[in-house]
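None of these values were measured; they are calculated from a predicted model.
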Amino acid sequence: MVGTTAAGAKARLYDAFATSGKALASGKRLELLDLLAQGERTVDALAKAAGLNLTTASAHLQTLKRAGFVATRREGVRIHYRLAGDDVAQLLALLRKVAETHQAAVTAAVDAYLGADRATEVTRAELRARVTAGDVVVLDVRPVEEYRAGHIPGAVSIPVEELTYRIDELPEETEIVVYCRGAYCVLAHDAVRLLAGRGRRAIRLGDGILEWRLAELPVDAGDLI
């Protein structure tokens with residue numbers, strides 16, 4: 001009888017763990033977590049950024065909330081979502097890295113999405129050293145609201161969709177280090193290709209602001225540079 005009771009308790013424990021796993025078993029829910037890792041957003045903003053209608057976005061967010069991955073606050077009639085903690089961001093980053101390491105299909109999908117030309121990059125440590133030396137411009141190509149929520153100190157904000165007509169705001173002779181949301185964000189790849197096509201020297205940060213934050217490196221917030 002005691003053994004049966006213990007087995008039942010163990011099953012309930014693992015079922016509780018499985019609830020978290022089930023909440024992550026959706027590509028769109030992982031994308032929503034990725035967006036929330038950039039900062040707090042309303043349901044409307046999340047739906048637009050993820051290419052979802054409001055009803056579907058709300059349903060996904062409620063699933064994530066029930067699993068404890070996101071938290072909310074109300075401001076008038078608007079509901080704002082945020083990650084429940086840095087541990088959720090760490091879980092997201094680890095899940096993606098483990099998947100790429102152990103699933104051949106993920107590696108192929110990464111190359112198809114980001115492009116296979118990913119050799120020109122710098123590490124966080126290399127970037128910090130070069131910023132100290134003053135021989136690079138750091139360019140943040142995320143949407144403005146994400147930049148305002150938190151960015152690498154000293155980074156210039158030019159969203160990737162504005163880069164073509166704002167390229168002259170960047171110095172011509174200085175190398176540009178581009179970054180965006182994280183290791184699997186296509187915005188920086190697109191920006192480097194665009195800059196290189198216009199004759200600029202540009203490379204990428206090997207990951208992005210998600211990994212920068214998780215490494216507990218300095219982050220600024222607020223006004224544009």
Inset, instruction - Just grab all the salt bridge (Lys or Arg N to Asp or Glu O under 4.0 Å) pairs involving residues 46-67, residues at least two apart or on different chains. - result: none
[X] side, atom [atom1]; [Y] side, atom [atom2] - distance, nearest 0.5 Å:
X	Y	atom1	atom2	answer
E161	R166	CD	CZ	10.0 Å
L205	T123	CG	OG1	8.0 Å
W212	H151	CH2	NE2	11.5 Å
L214	D86	CG	CG	6.5 Å
T42	L61	OG1	CG	10.0 Å

Linked, directly or transitively: [X] and [Y] (ILVMFWY side chains, under 4.5 Å):
X	Y	result
V88	V98	no
V110	L30	no
L64	L95	yes
L94	I209	no

Can you list the residues that meet the salt bridge (Lys or Arg N to Asp or Glu O under 4.0 Å) rule with [X], with sequence neighbours excluded?
X	result
R74	none
R130	D135, E175
E172	none
R213	none

Does a side-chain heavy-atom distance below 4.5 Å link [X] with [Y]?
X	Y	result
P218	R128	yes
L194	R200	no
D44	R78	yes
L170	L163	yes

Donor-acceptor list for residues 136-144 side chains, cut-off 3.5 Å, not counting sequence neighbours:
| residue | atom | partner | partner atom | Å |
| --- | --- | --- | --- | --- |
| D140 | OD1 | R142 | N | 2.9 |
| D140 | OD1 | R142 | NE | 3.1 |
| D140 | OD2 | R142 | NE | 3.2 |
| D140 | OD2 | R142 | NH2 | 2.7 |
| D140 | OD2 | Y179 | OH | 2.6 |
| R142 | NH1 | Q38 | OE1 | 2.8 |
| R142 | NH1 | E146 | O | 3.4 |
| R142 | NH2 | E146 | O | 3.4 |
| R142 | NH2 | G150 | O | 2.7 |

Show the nearest heavy-atom pair for residues [X] and [Y], with the distance to one decimal.
X	Y	answer
L210	G182	CB-CA, 4.5 Å
A47	A57	CB-CB, 3.7 Å
Y113	Y184	CE2-O, 3.6 Å
A49	L35	CB-CD1, 3.7 Å
L32	A50	CD2-CB, 4.0 Å
L92	L33	CD2-C, 3.9 Å

Inset, instruction - Applying side-chain contact (heavy atoms from CB on, under 4.5 Å), run through I152 and L127 and close with a yes or a no. - result: CA-CA 10 Å; I152 294 174; L127 177 57; 4.3 Å; yes
For [X], side chain to side chain donor-acceptor pair (under 3.5 Å) partners two or more places apart:
X	result
R193	D117, D190
Q103	none
N53	T56

Inset, instruction - Scan for ring-ring contact (aromatic ring centres under 6.0 Å, His included) pairs involving residues 47-69, sequence neighbours excluded, and state none if there are none. - result: none
Legend entry - Sequence neighbours excluded - ring-ring contact (aromatic ring centres under 6.0 Å, His included) pairs with any residue from residues 120-139: none
Inset, instruction - Show your reasoning for whether side-chain contact (heavy atoms from CB on, under 4.5 Å) applies to R96 and V106. - result: CA-CA 9 Å; R96 298 191 306 195; V106 173; over 6 Å; no
Legend entry - Salt bridge present between R181 and D34 (N-O < 4.0 angstrom): no
Could you tabulate the donor-acceptor pairs under 3.5 Å formed by side-chain atoms of residues 7-26, not counting sequence neighbours?
| residue | atom | partner | partner atom | Å |
| --- | --- | --- | --- | --- |
| T19 | OG1 | D15 | O | 3.2 |
| S26 | OG | K28 | N | 3.4 |
| S26 | OG | R29 | N | 3.3 |

Inset, instruction - Identify the residue among I158, V192, V160 that makes a side chain to side chain contact (heavy atoms under 4.5 Å, CB included) with V178. - result: V192
